[in-house]
Protein chains: 2
Amino acid sequence: MAGIDEVAQRAGVSTATVSRALSGRGYVSDATRERVQGAASELGYVVSSTASGLASGRTRNIGVVVPLLSHWYFSSVVEGAETALLRRGYDTTLYNLTGGDAERRSVFTQFLLRKRVDAVIAINLELTVDEVRALHDLNKPLVGIGGPIPDVPTLALDDLEVARLATSHLTGLGHRRIGHIGGEREFDVDFHLPTTRRQGYEAALVDAGIPVEGSLLQPADFTMNGGYIAAKQLLGSPRDRPTGIFAASDDMAIGAILAARDLGLVVPRDVSIVGVDDNQLAPFFNLTTIAQFPRNQGEMAVNLLLAELGEETTKPSDLSLPFELVVRGSTARPQE
Amino acid sequence: MAGIDEVAQRAGVSTATVSRALSGRGYVSDATRERVQGAASELGYVVSSTASGLASGRTRNIGVVVPLLSHWYFSSVVEGAETALLRRGYDTTLYNLTGGDAERRSVFTQFLLRKRVDAVIAINLELTVDEVRALHDLNKPLVGIGGPIPDVPTLALDDLEVARLATSHLTGLGHRRIGHIGGEREFDVDFHLPTTRRQGYEAALVDAGIPVEGSLLQPADFTMNGGYIAAKQLLGSPRDRPTGIFAASDDMAIGAILAARDLGLVVPRDVSIVGVDDNQLAPFFNLTTIAQFPRNQGEMAVNLLLAELGEETTKPSDLSLPFELVVRGSTARPQE
DNA sequence: GTGAAAGCGCTAACAA
DNA sequence: TTGTTAGCGCTTTCAC
C-alpha cells in the first residue's frame, strides 16, 4: 500500500506538506492542498493510524465503556455515539463490562491505558476515584452519561423530574390511587436511579395532596416479567385497586399492561399505565411514557468530548438530558 | 507514564528483553520474565499500542462491522465477540453502517484501511468484491457471520433447516393447516433469509404430505407489529383458520400471540405458534421457538479469526451455526 | 507556505 | 537466552 512518500513525490512536495495538507494542521496553500489530496486519492492512500498516532499522540479513536450492550438503551447510546464519531473521522472502540470485576479491572488498568484511545465515554458507570485518576493522569478526557462522577462532566437525566412528570400526568387526569412499580432496593445501583424515580413519584403525589401509601409500591427488576408480577400484585385485589400505575421503565409498564389484560381489566378504562423510555415496543403497546433519547445522548456525549479535545464542535451548554411526555392510549381519566 | 526503558532499567535487562517478556514472543528465561513482569506492574507500565503496532504491524484490535446495533441480535453478537476478544487481549473497534451508503463507503475505503485493525468480522453484510479485495490487499483476514461471502469464511445458520424444524414440530404435533409469517419480498435482503425460511416451511409441509397454500403465507417485516397484523389476517376468518403458525422471528411470533389473544383465541388451544431466535422476550411469552445463540456466534467468529491470525485458539471445525428447538407453552396438539 | 530532519516508543533482525 | 541497533511511517519543530 502507498505510503506518504509516494504521495509526496506524486504531488511534488515534501512529506511534511502532505501531512499538513491531509490533516488540516498548519499552513498549506489551497493549490497545494488540492494537489496533495488528488495524489492521495489516486493512490488510494490512507494515513496509517499507528504511525500517525505514535508521532502525534493523537489516535482519533474514542473508547466507549458500557456495563452491558445487549439492551435497547445501551446499544442505542453506543449507536448514537459511533455515528457522531464516524462523521468526525473518529473510530469507536467498545468495552463491555458484563464480564465482572476482573474484566473491569483489566479494562481500566490495561486496555484503556495502552494509548489506543484519545478519550473515554462512560455510560451508566460509577467510576472509582482510581479509575478516573488513571485516565486523567494519561491526559485522557472523560465524559459520563447517567452521572454524576466526581471530576467528570456528566450528562444526566433528571430522574426525579422524569418520575414527577409521569406521575403528575396521572394526577392531572384525576387519578388519586396511583401505584408505582420500580425502586427495588436490591437494584439500586447505577446512581440510585430506581430510588430517585420513586422519590419523584412521591413528590408528585405530595404536590397533588395525595398521601403516599406503602402498599402501592411494588419493587421490580426493570424487566417485563418483573413488571407483570408487580402489576398482578397491585391490581389483584378488587377493593382499593389503584386506577393508575407509574412504572419506572417501559418494559415494566408493558408487563403491567399484559397483567391488567390477564386480570380482565381494560387499559386505560380500568387502569392507566405510564412508563419511562419510549423504547421500541412502546408504540406497539400504545404506551404513554416519558421519552428519553439515547441516540441523541450518545451524540451529545461525543460533542462534549470533542470540545474537550479541542475539536470544533457544538458543545452542549446544558448537561441535563432532555425528556418528554408522550401521551398515547394507555392513560385516560379514571372512571367515575 | 513509564516507558519501556524504565522497565528495562528496573529489571536490569535490555528493552528488547522487556518486549519479549511482555509479549510472549521469543525466548526469555522464566526468571527474567518474572523480573520484567514485576518491574512492569510496579511501574504501572502498559505497552503503547501505537508504538507496538507501528513496529510490529500487529495492532491487537479487531474491527466489527454491523448493519445496525440497536437490535437484540446484533448487540448480542457484538457482545459475544467483544468478550471473547477482550479475554485474548484484543480490543474491539465497532463500525455501524446504519448511516447509509456514503458512510458505508467511508468505512470500507478509509476507516478500515488505516491500519487500526488486524482483521475484520462482518455481521450480516453482503460485502462487495471490492470491499473484500481492499481488505485482503492489506492482508487483513475477514470472517463473516450470516454468510455466504465469496472468498470469506462465513459462519451461517442453515435457515432452510431452521424453518423446516420449526414447521415439522407443528406437523409432528398433528397440525395440517399451518400458516407462515415472514418472507416478504421487499425484506429479502441479507442473503435471502426470509425467502429461505419460507422455503424451509414449504419443505416441511411437503415432507408431511401437506399441500402449500398461498393464502396461508403472510408477508411481514420482522417486527412485533408486523407479526400482529399478519396474524390477524391469518386468524381472522373462522373457517379454515390455521391451527398452527410458524413465524420467521420471535418478534413476529409474539405479535401473533397477541393478535390471537385479541381475537379471543387461546394459545395453544386454538392456535399453536412457533418462532425463531429465542430472544429475551420468548420465555416471558412462553414461546416455543428455534433458539440461535448470538453471543456464541460472536465468540465463534473470534475463534475463527484468531486462528487465521495465527493465534492459538480452538478453531471451529464446522462453519454452520448451531440451533435448537425450545419447546415452551405456545405449541400443542391441535384440538379434535 | 514549504522542506529537512529529528524523533514518537516500540519490535525484530542479527550478533553475541 | 540476551543485547545492539535499525527501522516502522508518520508529525512537528525549526529554518528558510
Side-chain angles (χ1 to χ4, degrees), chain A residues 1-37 39-40 43-61 89 110 113-118 138-139 309-310, chain B residues 1-37 39-40 43-61 89 110 113-118 138-139 309-310:
Chain A
M1 189 191 163
I4 198 172
D5 331 86
E6 295 166 62
V7 179
Q9 200 166 353
R10 179 180 265 252
V13 295
S14 70
T15 59
T17 299
V18 173
S19 173
R20 285 189 284 252
L22 261 28
S23 70
R25 316 188 141 245
Y27 298 105
V28 182
S29 74
D30 287 354
T32 308
R33 186 194 319 286
E34 279 172 32
R35 211 143 28 83
V36 171
Q37 283 169 343
L43 292 167
Y45 171 75
V46 180
V47 176
S48 155
S49 66
T50 46
S52 165
L54 178 57
S56 70
R58 281 171 273 102
T59 63
R60 296 187 78 75
N61 186 206
Q110 303 281 135
L113 305 185
R114 42 161 112 162
K115 294 173 183 137
R116 195 190 290 299
V117 301
D118 290 336
L138 273 181
N139 247 301
L309 289 174
Chain B
M1 189 191 161
I4 198 172
D5 334 84
E6 295 166 63
V7 178
Q9 200 166 354
R10 179 180 264 253
V13 296
S14 71
T15 60
T17 299
V18 172
S19 174
R20 284 189 285 252
L22 261 28
S23 71
R25 315 186 142 248
Y27 298 106
V28 182
S29 74
D30 287 354
T32 307
R33 185 192 321 284
E34 279 172 32
R35 212 144 27 86
V36 171
Q37 283 168 342
L43 292 167
Y45 171 75
V46 180
V47 176
S48 155
S49 66
T50 46
S52 165
L54 178 57
S56 71
R58 281 171 274 101
T59 64
R60 296 187 78 75
N61 185 26
Q110 303 281 135
L113 305 185
R114 41 161 113 162
K115 293 175 184 135
R116 196 190 288 300
V117 301
D118 290 336
L138 274 182
N139 247 302
L309 288 174

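Throughout, protein chains are lettered first and strands after them, A, B, ... in sequence-line order, and every chain is numbered starting at 1.
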| task | Round to the nearest Å and state the distance from A:I4 atom CD1 to C:dG3 atom P. | result | 12 Å
| query | Counting side-chain heavy atoms from C-beta on, which of C:dG9, D:dT11, C:dG3 comes nearest to A:L54? | reply | C:dG9
| Between C:dC8 atom P and A:R116 atom CZ, what is the distance in whole Å? | 21 Å
| field | Distance, rounded to the nearest Å, where A:Q9 contributes CD and C:dA4 contributes P | value | 13 Å
| query | Over how many whole Å does the gap from B:D5 atom CG to C:dC8 atom C1' extend? | reply | 12 Å
| Just how far is it from atom OG of B:S23 to atom CZ of B:R58, taken to the nearest 0.5 Å? | 7.5 Å
| With respect to the side chain of A:A55, which nucleotide from D:dT5, D:dC10, C:dT2 is positioned closest? | D:dC10
| Protein-nucleotide distance (B:Y27, atom OH; C:dA15, atom C1'), rounded to Å | 17 Å
| task | Ignoring backbone atoms, test whether A:T32 places a side-chain nitrogen or oxygen under 4.0 Å from the OP1 or OP2 oxygen of C:dT2. | result | yes
| query | Are OP1 or OP2 of D:dC10 and a side-chain N or O of A:S52 less than 4.0 angstrom apart? | reply | no
| task | Would you mind telling me which residue lines up with the more 5' stretch of DNA chain D, B:A51 or A:R25, judged by nearest nucleotide? | result | B:A51
| query | Rounded to whole angstrom units, what separation is found between the CZ atom of B:R20 and the P atom of C:dC14? | reply | 14 Å
| With respect to the phosphate group of D:dT12, does any side-chain polar atom (N or O) of A:R58 fall under 4.0 Å of OP1 or OP2? | yes
| field | A:R114 side, atom CZ; B:N61 side, atom CG - distance, nearest 0.5 Å | value | 8.0 Å
| request: May I ask you to verify if any side-chain N or O of A:S14 is less than 4.0 angstrom from the OP1 or OP2 atom of C:dG3? | output: yes
| Of the nucleotides D:dG9, C:dG9, D:dT11, which has the atom closest to the A:S48 side chain? | D:dG9
| request: Return no unless some side-chain N or O of A:S29 is found under 4.0 Å from OP1 or OP2 of C:dG1. | output: no
| note | Whole-Å distance, A:Y45 OH to D:dT11 C1', equals 10 Å
| field | OH-OG1 distance between B:Y27 and B:T17, expressed to the nearest 0.5 angstrom | value | 14.5 Å
| query | Of the candidate nucleotides C:dA12, D:dT11, C:dG3, which contains the atom at the shortest distance from the side chain of A:V47? | reply | D:dT11
| task | With heavy atoms under 4.0 Å as the rule, sort B:V18 into base, sugar-phosphate or nothing. | result | nothing
| Just how far is it from atom CD1 of B:I4 to atom CD of B:Q9, taken to the nearest 0.5 Å? | 13.0 Å
| note | Rounded to whole Å, CZ of A:R114 lies from P of C:dC10 at a distance of 13 Å
| message | Please tell me if B:T15 has a side-chain N or O lying less than 4.0 Å from either OP1 or OP2 of D:dG3. | response | no
| request: Examine D:dG3: is either OP1 or OP2 under 4.0 Å from a nitrogen or oxygen in the side chain of B:T17? Give yes or no. | output: yes
| query | Any idea which of D:dT2, C:dA5, D:dC10 is nearest the A:A16 side chain? | reply | C:dA5
| field | Inter-residue atom distance A:E6.CD - A:T15.OG1, 0.5 Å rounding | value | 12.5 Å
| message | What's the separation between atom CG in A:L54 and atom OG in A:S48, rounded to the nearest 0.5 Å? | response | 9.5 Å
